[in-house]
**Q** 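First the structure, which I've put down as structure tokens, then a few questions once you've had a look.
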Amino acid sequence: MAFTAGVITFPGSNCDRDMAVAIEAVSGKPATRIWHGDAALPEGLDFIAVPGGFSYGDYLRSGAMAANSPVMRAVAEAAERGVPVLGVCNGFQILTETGLLPGALMRNAGIHFVCREVPLIVGNDTSLFTAKYSKGQEIVIPVAHHDGNYYADDETLDRLEGEGQVAFRYADNPNGSARDIAGVLNTKGNVLGMMPHPERKIEAAQGGDDGRALFEGVFEGLSVA
Amino acid sequence: MKVNVHVSLKPGVLDPQGRAIHHALEGLGFSGVNDVRAGRLIALDVADDTSDEALDEMCRKLLANMVIENYRIEKVG
């Protein structure tokens with residue numbers, strides 16, 4: 001089975017290698033590494049991951065510069081075609097800045113950078129990314145961010161909740177996010193953005209493997225298709 | 001043409017930085033500070049024939065995030 005995953009690297013990305021390692025650990029196939037300046041994506045990508053870090057030094061706003069890089073235009077086009085796109089941490093910020101996901105990530109309500117494991121409640125188990133979890137399940141995934149305070153207006157939040165687009169919620173909100181939202185899906189369900197780092201919970205040696213099911217869901221879902 | 005773009009959080013959007021500055025001012029003994037909102041000033045030097053529409057587009061496409069921020073364009077000469 002051919003499975004080609006791509007991981008985007010921006011200047012300042014620092015979770016791109018972790019992401020690539022996680023994808024290979026689950027799929028058995030190395031991920032293609034893609035540089036931010038590439039205007040076109042490699043042909044035939046089945047899955048695109050936008051990793052965490054501090055792209056462009058978080059200049060202007062977290063994710064704002066990366067959102068305007070050539071490669072993100074290509075990622076947006078791929079997402080439109082239905083290619084699954086995962087954005088983690090800075091990747092989530094980039095996806096909101098490009099408009100692929102609603103809302104924005106603001107400075108943590110408590111001002112401090114938060115770096116610790118957090119319990120999450122799975123809010124959706126029907127998307128490609130969340131199919132291997134069950135709704136209401138509690139999983140533990142680490143966060144490490146300064147700007148993770150999810151904001152959207154009430155109308156948007158109501159819609160996200162009503163349409164099952166809230167993929168994960170914090171059991172113990174670490175950053176002030178509206179309605180404890182830790183991760184959201186787009187309306188089609190092929191784009192997921194989340195602040196916690198599932199790629200850091202792939203093997204027992206990392207203190208747990210609660211993130212593994214997310215990548216298994218993508219890999220197995222695409223393999224069946 | 002010199003143009004200042006003032007970017008600020010929309011009213012009602014929680015401003016943790018403004019709140020921290022507020023606390024710090026109080027800590028320094030300044031009383032009577034009712035509220036603090038922190039924003040950003042972006043100073044542009046643009047061609048004299050830059051249209052208002054183009055300036056507006058710069059703000060909406062990049063300088064401000066319209067989900068959480070407002071902007072005000074001020075031509076300063």
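Just so it is clear: chains get the letters A, B, ... in the order the sequence lines come, proteins before strands, and each one is counted from 1.
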**Q** Minimum heavy-atom separation for B:Ile42 and A:Leu60, please, with both atom names.
**A**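 Smallest interatomic distance, heavy atoms only, reads CD1-CD1, 3.9 Å.
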
**Q** Scan chain B against chain A and return every donor-acceptor pair whose distance is under 3.5 Å.
**A**
residue : atom : partner  : partner atom : Å
B:Arg19 : NH2  : A:Ala109 : O            : 3.1
B:Arg40 : NH1  : A:Leu60  : O            : 3.3
B:Arg40 : NH2  : A:Leu60  : O            : 2.3
B:Leu62 : O    : A:Arg61  : NH1          : 3.0
B:Leu62 : O    : A:Arg61  : NH2          : 2.8
B:Leu63 : O    : A:Arg61  : NH1          : 3.0
B:Asn65 : ND2  : A:Glu97  : OE2          : 3.2

**Q** Quick check: closest heavy atoms across B:Pro16 and A:Ala109, and the distance to 0.1 Å?
**A** CB-O, 3.8 Å

**Q** Given the options B:Leu62, B:Leu14, B:Leu9, which has more heavy-atom pairs under 4.5 Å with chain A than any of the others?
**A** B:Leu62

